Amino acid sequence: MQLYDVEAEQFLPDRFVSGICPHCGSHRAFCDQCEGCGRTLDSTSLIDPVSVLTKTKPELRETIHWYLRLDQLQPRLVRWLETKKDAASCGAHWRAVVLNQSLGRIKKEGLRERSMTRDLTWGVPVPLDDPDAEGKSLYVWFDAPIGYVSFTAALCESNGDGAEAYATWWKDPDCKVVHFIGEDNIVFHAITWPAMMLATHDSESIQGEKGEYQLPHNVVANSYLNIKFPGKEEEKISKSRGNAVWIEDYSRSFDPDPLRYYLTAAAPETSRTAFDIDDFIQRNNGELVNAFGNFINRTMTFANRYFEGKVPAEGARTDVDTAQVRRCGEARARTGEALEACHFKAALGEVMALARSGNVYFDETKPFMTRKTDMDACGRQINVCLQTARTLTTLIAPFLPFTADRCAAMLKLGEDYRSWSSATNELHEGHPLGAAEILVRKLDPDTVFAD
RNA sequence: GGCGGCGUAGCUCAGUUGGUUAGAGCGUGGGCUUCAUAAGCCCGAGGUCCGCGGUUCGAGUCCGCGCGCCGCUACCA
């Protein structure tokens with residue numbers, strides 16, 4: 001039985017019916033819950049129910065819906081989620097907030113069956129040859145994740161592989177599916193959608209056997225990103241308030257990479273953060289340009305000016321030299337680990353740390369001094385700087401693809417420079433170099449504010 | 001009301017399963033350097049890890065209570 005608005009000619013969802021709470025007498029009660037005392041209500045217990053749409057009194061009508069038996073799937077879901085607590089056993093480091101919101105809720109409240117259909121005149125019609133399905137649509141969170149699969153199939157088809165190739169992506173344990181979402185969508189991706197897939201399984205495997213839908217390898221939820229304009233208070237990004245920075249507008253005047261850099265560096269991975277325009281300019285100029293870009297630039301100009309645009313001989317490396325080369329390998333490993341764990345801020349931090357170590361190495365070995373006293377040492381040092389730049393090119397690629405391409409062009413690297421293992425492939429003596437070009441430019445506050 | 005999150009240096013944040021003198025970047029004070037995009041490097045100052053209590057040989061970390069801020073509790077995707 002469900003409340004029906006005769007005038008609007010539609011069934012009413014719980015939040016569309018207001019009335020008086022039978023417990024506390026508050027007038028701010030909805031069908032499912034009272035805003036006054038907070039108690040959850042039975043859908044028919046509300047006193048003097050009124051439709052929010054037409055202010056008329058709704059009547060009870062019988063309707064039929066299809067339910068997802070989350071209650072029956074709960075034990076398997078819990079077993080699956082439990083494995084996600086331990087990175088070692090599941091191979092993925094799940095963020096605490098995702099487990100807390102999903103597993104925590106199940107343990108305290110348990111799951112109830114949930115209707116996956118709605119009495120709607122729009123949306124995706126229930127695809128059943130059943131008179132009761134007439135005029136009913138699928139609940140959005142039932143068909144939205146299925147869309148993940150169907151657009152994979154559509155893509156496979158347009159690629160000429162045939163729609164059935166979707167199984168390569170969705171039904172093969174070797175293919176890890178990772179959902180990147182906002183924190184408000186956690187339960188749908190960590191509970192509802194996995195439950196739907198579990199319901200299709202024949203096996204008792206919690207992850208899914210080959211040929212069965214694979215549950216997510218990881219569900220990575222970010223918090224919200226606020227926005228802060230200079231001289232104003234931090235506020236929520238809102239289309240209606242017009243305080244959003246549109247990608248189309250931004251990309252008309254600026255390169256995408258500085259924005260990528262900032263959005264990664266300031267991402268709300270554990271708690272809400274703000275896109276602060278001042279901070280954006282400052283981090284671009286101080287970190288990306290001064291630390292990273294300048295290291296590449298000072299290395300390239302030096303190599304071009306004093307070594308005829310070729311990689312100088314490696315020579316007999318000193319401890320200081322090998323230590324820097326070793327740092328390149330360590331940075332590759334650490335950045336890779338952080339990326340695997342979806343710790344993108346930390347991963348980017350590792351890349352920046354390598355760039356900074358390059359600057360430290362440059363300052364400590366002083367090739368601009370050895371140039372006058374010991375040309376072999378100078379070449380050895382610039383060789384190490386170039387190896388560092390080589391590693392940086394690959395490591396920065398996942399974050400700043402255009403910048404990486406420009407680095408690769410300067411170092412005359414092949415197409416495969418993005419392959420992670422190639423990061424520490426050393427450039428050989430005599431390897432030709434391109435002209436030194438400015439990688440990233442400073443942002444001028446006045447120009448940015450004008451836009 | 002229920003569920004969940006956050007509170008660590010002046011600012012923005014890291015702190016994995018409790019384990020030495022709590023870290024990074026920026027900012028700030030002092031110094032060095034010139035290859036480089038007026039870039040870079042070194043050293044220093046700066047913290048009652050929101051408060052109180054508890055568990056423990058040991059708590060930023062675990063438990064309880066309190067204070068403050070925030071999100072979810074949608075037929076939006």
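Chain identifiers are assigned alphabetically (A, B, ...) following the order of the sequence lines, protein sequences preceding nucleic acid strands; residue numbering begins at 1 within each chain. In this text the structure is predicted, and so the values were computed from the model without any measurement.
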Complementary nucleotide for C52(B) - Watson-Crick or wobble, under 3.5 Å = G64(B)
C1'-based separation of G47(B) from U12(B) [nearest Å] = 16 Å
Just name whichever nucleotide pairs with A9(B), Watson-Crick or G-U, keeping both distances under 3.5 Å, else none.
-> none
Atom CG of Leu443(A) and atom P of U37(B): how far apart are they, to the nearest Å?
-> 18 Å
Is there side-chain contact between Phe362(A) and Thr299(A), with at least one heavy-atom pair below 4.5 Å?
-> yes
Out of C26(B), A14(B), U37(B), whichever nucleotide has its closest atom nearest the side chain of Lys345(A) | A14(B)
Residues Asp374(A), Arg380(A): salt bridge by 4.0 Å N-O rule | no
With a 4.5 Å heavy-atom cut-off, do Met352(A) and Tyr261(A) have their side chains touching?
-> yes
With a 4.0 Å cut-off on heavy atoms, is Ser223(A) in touch with a base, just the backbone sugar-phosphate, or nothing at all?
-> nothing
Taking for Ala267(A) and for Arg118(A) the nucleotide of RNA chain B with the nearest heavy atom, the one nearer the 5' end belongs to Ala267(A)
Proximity to the side chain of Val360(A) - top-ranked nucleotide from A77(B), C41(B), A14(B) = C41(B)
Spacing of the C1' atoms in C11(B) and C65(B) (rounded, Å) = 32 Å
Atom C1', compared across U8(B) and C50(B): separation rounded to whole Å = 10 Å
Return the orientation label for the Tyr148(A) and Phe151(A) ring planes: parallel under 30°, perpendicular over 60°, tilted otherwise.
-> perpendicular
Answer yes when Arg61(A) and Glu59(A) have at least one side-chain N-carboxylate O distance shorter than 4.0 Å, and no when they do not.
-> yes
Is the phosphate of C41(B), meaning OP1 or OP2, less than 4.0 Å from a side-chain N or O of Arg356(A)?
-> no
Would you kindly give the CD-to-P distance between Glu350(A) and G25(B), to the nearest whole Å?
-> 12 Å
Side-chain atoms of Glu287(A) come closest, of G25(B), G4(B), C41(B), to G25(B)
Quick one: look up who U28(B) pairs with, Watson-Crick or G-U, both distances under 3.5 Å, and put none if it's unpaired.
-> G44(B)
Between Trp141(A) and Phe188(A), how do the two ring planes meet: parallel, tilted or perpendicular, split at 30° and 60°?
-> parallel
Pull out every residue in residues 293-303 of chain A that has a heavy atom closer than 4.0 Å to any atom of RNA chain B, ordered by number, or say none.
-> Gly293(A), Asn294(A), Asn297(A), Arg298(A), Thr301(A), Phe302(A)
Protein-nucleotide distance (Gln324(A), atom CD; C41(B), atom P), rounded to Å = 12 Å
Using the P atom on both, measure U61(B) against G7(B) and round to a whole Å.
-> 12 Å
Would you indicate what Val440(A) reaches in the nucleic acid, counting non-hydrogen atoms under 4.0 angstrom: base, sugar-phosphate, or nothing?
-> base
What integer number of Å spans the C1' atoms of U37(B) and C62(B)?
-> 50 Å
Report which part of the nucleic acid Asp119(A) touches: base, sugar-phosphate, or nothing (heavy-atom distance under 4.0 Å, all strands).
-> nothing
C42(B) P sits how many Å from Tyr361(A) OH, rounded?
-> 16 Å
Closest to side chain of Asp363(A), choosing from G4(B), C41(B), U37(B) | C41(B)
Between G71(B) and A36(B) - C1' atom distance, rounded Å = 47 Å
Complementary nucleotide for C72(B) - Watson-Crick or wobble, under 3.5 Å | G2(B)
U37(B), C75(B), C6(B): which one has an atom nearest the side-chain heavy atoms of Tyr139(A)?
-> C75(B)
Which residue, Asp184(A) or Phe368(A), contacts RNA chain B at a nucleotide closer to its 5' end, judged by nearest heavy atom?
-> Phe368(A)
Closest nucleotide among U37(B), A36(B), A77(B) to the Arg305(A) side chain | A36(B)
From the options U37(B), G27(B), G40(B), select the nucleotide whose nearest atom is closest to the side chain of Ile438(A).
-> U37(B)
Separation of atom CG in Leu138(A) from atom C1' in C76(B), rounded to whole Å = 16 Å
Mind checking the C1' distance from C52(B) to A9(B)? Whole angstroms is fine.
-> 24 Å
Are Leu73(A) and Arg76(A) close enough that some pair of their side-chain heavy atoms sits under 4.5 Å apart?
-> yes
d(NZ, Lys228(A); P, C11(B)) in whole Å = 14 Å
In whole angstrom, give me the gap between the P atoms of C6(B) and G15(B).
-> 11 Å
Is the ring centre of Phe362(A) under 5.5 Å from the base ring centre of C41(B), and are the two planes under 30° apart, so that they stack?
-> no
List the atom of Thr318(A), the atom of Asp321(A), and the distance in Å for their closest heavy-atom pair.
-> N-OD2, 2.9 Å
Identify whether any heavy atom of Ile382(A) sits under 4.0 Å from a base atom; if not, whether one sits that close to sugar-phosphate; answer base, sugar-phosphate or nothing.
-> nothing
Is the centre of the Phe399(A) ring less than 6.0 Å from the centre of the Phe344(A) ring?
-> no
Within this structure, what is the CG-to-P distance between Leu439(A) and A36(B), rounded to whole angstrom?
-> 16 Å
Atom-to-atom span, CG of Asn304(A) to P of U37(B) - whole angstrom = 13 Å
Using only heavy-atom distances, determine whether the side chains of Tyr139(A) and Arg114(A) contain a donor-acceptor pair under 3.5 Å.
-> yes
